[in-house]
2 protein chains.
Amino acid sequence: MAHFFREKLKEKGLKVTPQRVAIYEAIVNLKNHPTAENVIEYIKLNHPNISVGTVYKVLDSLVENELLKKVKTEKDIMRYDAVLSNHHHLYCIETERIEDYEDENLNEMISNYFKNKKIKNFKVQDIKLQITGKFNK
Amino acid sequence: MAHFFREKLKEKGLKVTPQRVAIYEAIVNLKNHPTAENVIEYIKLNHPNISVGTVYKVLDSLVENELLKKVKTEKDIMRYDAVLSNHHHLYCIETERIEDYEDENLNEMISNYFKNKKIKNFKVQDIKLQITGKFNK
DNA sequence: TATCTAAAAGATAATCATTCCTATTTAAGA
DNA sequence: TCTTAAATAGGAATGATTATCTTTTAGATA
Ligand SMILES: [Mn+2]
Ligand SMILES: [Mn+2]
Ligand SMILES: [Zn+2]
Ligand SMILES: [Zn+2]
């Protein structure tokens with residue numbers, strides 16, 4: 001589980017520290033694309049002396065090294081994602097909930113569409129859907 | 001130009017103030033989905049006494065009343081959009097540039113796709129593409 | 001047109017997520 | 001085990017945003 005992560009750190013020349021492992025596991029376990037604060041709260045249970053600055057620095061460096069991604073939101077609080085595979089997001093219009101949405105057919109349809117239809121003056125690297133709406137219940 | 005805006009304010013029961021008009025025009029003219037700071041800088045040219053708090057308050061209330069939209073980003077600085085029609089965004093991976101992308105065929109294709117393919121436990125209200133990549137120079 | 005008043009703007013302090021700084025600790029290679 | 005560059009802890013600083021309080025004003029009314 002954390003083995004993949006340790007290997008990735010080594011690949012990138014980053015030291016394997018308990019803080020980095022804990023922060024990564026927090027993101028994986030918390031689901032719902034947690035904030036730095038969510039991560040700190042979660043980690044403090046088992047790792048009470050972690051420093052806030054460390055959490056922010058680690059999150060930043062993991063994003064930099066492509067072990068995490070940031071999620072685009074309309075808030076000034078950053079949220080993080082441990083799912084690196086190509087997927088989309090469901091944004092709840094009444095809560096802060098953000099869920100993953102995987103859909104291989106959709107990916108293919110969009111990728112086909114942009115194989116023909118080029119956008120002028122723009123080289124596409126990645127396409128994600130932000131699907132806003134309401135969760136049932 | 002600003003006539004539409006004045007009418008909309010009245011509809012919503014909001015007073016038509018010079019500050020609101022100036023802020024709205026700033027967003028329209030600046031393009032590139034400006035930040036509050038961009039707006040303040042722009043407005044100060046013709047309206048030197050505007051208060052920072054007013055700008056934030058007005059932006060908030062215009063979003064609330066659906067005269068502006070927020071743009072989703074990975075930064076803790078909010079950006080605003082005066083284009084209300086259904087459109088997508090091109091995000092530059094190396095600069096802060098965000099451009100509008102309108103594509104009626106694309107909208108139709110996606111809308112058709114989700115007419116059949118329902119997402120379980122989720123009622124879709126709006127779908128936008130965030131297209132990341134690079135602008136040609 | 002002058003008067004009235006709730007809403008809005010201005011000025012400035014407070015908040016709080018994030019960043020910065022630096023002394024101390026530690027992962028990991030020799 | 002020793003060494004050292006990298007990382008962490010702890011606390012101060014930053015800066016976008018929000019809150020508070022006073023003054024002004026848009027627009028309704030007489
Ligand atoms: Mn954001
Ligand atoms: Mn901030
Ligand atoms: Zn995700
Ligand atoms: Zn736009």
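In the text below, chain A, chain B and the rest are named by the order of the sequence lines, each starting its count at 1.
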### Message
Restricting to non-hydrogen atoms, name the atom on B:Y91 and the atom on A:F122 that form the minimum distance, rounded to 0.1 Å.
### Response
O-CZ, 3.7 Å
### Summary
With the side chain defined as heavy atoms from C-beta on, B:A36 is closest, among D:dT17, C:dG10, D:dA9, to D:dT17
#### Entry: Whole-Å distance separating the NZ atom of A:K57 from the P atom of C:dC20
10 Å
### Message
Both A:K15 and B:T17 contact DNA chain D. Taking the nearest nucleotide for each, which residue is further toward the 5' end?
### Response
A:K15
### Message
Among D:dA9, C:dA9, C:dT18, which nucleotide has an atom closest to any side-chain atom of A:V52?
### Response
C:dT18
## Note on the structure
Taking C:dA17, D:dG27, C:dG10 as options, the one with an atom nearest any side-chain atom of B:V16 is D:dG27
### Message
Any side-chain N or O of B:Y56 below 4.0 angstrom from OP1/OP2 of D:dT17?
### Response
yes
### Message
By nearest atom, which of the nucleotides D:dG27, C:dG10, D:dT18 is closest to the B:Q19 side chain?
### Response
C:dG10
### Query
How many Å lie between CZ on A:R20 and P on C:dA27, as a whole number?
11 Å
### Query
Does NZ in B:K134 sit with more than 12 non-hydrogen atoms of other residues, nucleotides or ligands closer than 6.0 Å?
no
### Task
Using the side chain to side chain donor-acceptor pair (under 3.5 Å) rule, pick out the option among A:R79, A:K70, A:K72 that qualifies with B:E74.
A:K72
### Query
Does a nitrogen or oxygen in the side chain of A:S51 sit under 4.0 Å from OP1 or OP2 of D:dT8?
no
### Query
Take atom CD in B:E7; do more than 12 heavy atoms of anything else shown fall under 6.0 Å from it?
yes
### Query
Nearest to the side chain of B:P18 - D:dT20, D:dA26, C:dA8?
D:dA26
